[in-house]
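Just so it is clear, the model here is predicted, and its values are computed rather than measured. So you know, we letter chains A, B, ... as the sequences are listed, proteins then strands, and number each from 1.
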2 protein chains.
Amino acid sequence: MSTAAATTPAPTPLRVKGCCNPVSAPLPEVLADELAATYKALGDPTRIQILHILATATEPVCVCDFTAAFDLGQPTVSHHLATLREAGIVTSFKRGIWAFYRLNPAMSSAAGAAVAQIG
Amino acid sequence: MSTAAATTPAPTPLRVKGCCNPVSAPLPEVLADELAATYKALGDPTRIQILHILATATEPVCVCDFTAAFDLGQPTVSHHLATLREAGIVTSFKRGIWAFYRLNPAMSSAAGAAVAQIG
DNA sequence: GCCTCCTATCGATGAACGTCGATTGAATGA
DNA sequence: TCATTCAATCGACGTTCATCGATAGGAGGC
C-alpha cells in the first residue's frame with residue numbers, strides 16, 4: 001500500500017458509483033437469528049402438515065396419530081416433532097404410555113402469524 | 001370376568017390403544033410444499049436482514065447496498081437475493097449498470113405475513 | 001418379574017445448503 | 001474499440017438436514 005494515500009484525505013476519491021444509498025440499520029443479530037430459526041423450523045412440508053393438524057385439532061394430538069398420518073418412519077416423525085418443540089412452536093407432555101403435542105400458546109408472534117396462515 | 005364376557009363379542013377387541021383419534025384432512029400436498037418453500041427461503045439470518053432493509057426502504061435497493069451492508073462476498077449476496085426472488089418474495093430490475101430489488105407486491109399471503117413481522 | 005407397547009435417541013447415509021474464488025456477461029464511458 | 005464496473009453464474013468445499021434402521025428408556029398389563 002505505498003502509504004501514498006496517507007497525505008491526501010481524499011474527500012470522495014472513489015465513489016464513481018451513482019447508486020449507493022444508506023440503508024436502514026440492521027436488525028439486532030439475535031433477533032435475525034431467532035426469526036431465521038423459527039422460519040427454518042417451518043421450512044419442511046411434513047412440519048407444515050403437523051402444524052396444520054395441530055391448528056385444526058381441539059385437543060392435544062398423540063404421536064401415534066402423526067405416525068399414522070404420514071408415510072414416514074416413527075423416528076423421522078419424532079425428529080420433526082422435536083424440531084418444532086425446540087423452536088418453541090409446540091409443547092409436549094406424556095400421559096401414560098402416550099406422548100401428546102399441542103401448539104405452544106407462548107410461541108413467538110412470528111410463529112403465531114405463520115401458524116395462522118397454515119391453519 | 002367370569003367368562004361372562006365370553007358371550008360378549010368384545011366391544012373393542014383390537015385397539016388395545018386408547019389414544020388414537022382421527023386427524024384432520026391433510027393440506028393439499030402442493031400447498032404444503034409452497035408454504036414450506038416460502039418459509040425455507042426465510043430461514044436464513046442474512047435473508048431476514050435483506051427483507052428488513054427492503055421492508056423499511058422507500059425505494060428499490062441497489063445490490064451494491066446489500067453487498068456493502070453484509071460481511072459477505074458479492075456472489076453470496078447475489079445467491080441470497082436469487083433465493084428470495086425464486087421464492088416470489090422479491091422482484092428485481094436493472095437500470096444501467098445496477099440491479100435493484102424490492103419487495104414483490106404479489107408475494108403470497110404467508111410471505112406477506114412474515115415480512116410484516118420482519119419489517 | 002417379565003413381556004409388550006410407545007416414543008426418544010443414536011449412528012449412518014445421501015441430498016441440500018451457505019460460502020467462497022474465479023469467471024462470464026452486460027452496460028457504460030473514454 | 002477498449003477498459004472499467006457491476007452483478008450473475010460456475011465449480012468446489014464443508015456443514016447441515018431429512019431419512020432410515022437399530023437400540024434404549026419407560027409405562028402398563030399379565
Which part of the nucleic acid does B:Leu72 contact within heavy-atom distance under 4.0 Å: base, sugar-phosphate only, or nothing?
-> sugar-phosphate

Parallel, tilted or perpendicular: rings of A:Phe66 and A:Tyr101 (30°, 60°) = perpendicular

Calculate the interatomic distance between A:Asp44 atom CG and C:dC17 atom P; express it in whole Å.
-> 11 Å

Just how far, in rounded Å, is P of C:dA16 from OH of B:Tyr39?
-> 23 Å

Donor-acceptor pair, side chain of B:Asn21 and main chain of B:Cys19, under 3.5 angstrom = yes

The answer to which of A:Lys94 and B:Pro75 contacts DNA chain D further toward the 5' end, by nearest nucleotide, is B:Pro75

Looking across every strand, which nucleic acid part, if any, lies under 4.0 Å from B:Arg95 by heavy atom: base, sugar-phosphate, or nothing?
-> nothing

Mind checking A:Phe70 for me? I need base, sugar-phosphate or nothing, with any heavy atom below 4.0 Å counting as a touch.
-> nothing

Whole-Å distance separating the CZ atom of B:Phe93 from the C1' atom of D:dA8 | 17 Å

When you get a sec, tell me which of D:dT19, C:dC6, D:dA8 is the closest nucleotide to the side chain of A:His80?
-> D:dT19

Give a yes or no on whether the backbone of A:His52 and the side-chain of A:Thr56 come within a donor-acceptor separation of less than 3.5 Å.
-> yes

Take atom CG of A:Asn21 and atom P of D:dC6, then tell me their distance rounded to the nearest Å.
-> 14 Å

Report the distance from atom CD of B:Glu86 to atom P of C:dA16, rounded to the nearest whole Å.
-> 15 Å

Per B:Gln74 side chain, nearest of listed nucleotides C:dC17, D:dA7, C:dA8 | D:dA7

Can you check the A:Leu81 CG to C:dT9 P distance for me, whole Å?
-> 11 Å

Scan B:Tyr101 against the nucleic acid and name what it touches under 4.0 Å (heavy atoms): base, sugar-phosphate only, or nothing.
-> sugar-phosphate

Candidates B:Leu103, B:Leu54, B:Val90 - the one meeting side chain to side chain contact (heavy atoms under 4.5 Å, CB included) with B:Val61 = B:Leu54

Between atom CZ of A:Arg47 and atom CD1 of A:Ile89, what is the distance when rounded to the nearest 0.5 Å?
-> 8.5 Å

So which one's nearest nucleotide on DNA chain D is more toward 5', A:Arg47 or B:Ala99?
-> B:Ala99

Please report, rounded to the nearest Å, how far the P atom of D:dG29 is from the CD1 atom of A:Ile97.
-> 8 Å

B:His79 side chain near C:dC20 phosphate (N/O to OP1/OP2, under 4.0 Å) = no

Result for 5'-nearest mapping on DNA chain C, choosing between A:Val77 and B:Gly96, is A:Val77

Using whole Å, report how far CG of B:Asp71 lies from P of C:dC20.
-> 8 Å

Can you check whether A:Thr76 has a side-chain N or O nearer than 4.0 Å to OP1 or OP2 of D:dT19?
-> no

With DNA chain C as reference, determine whether A:Thr67 or B:Thr46 sits nearer its 5' end, using the nearest nucleotide of each.
-> A:Thr67

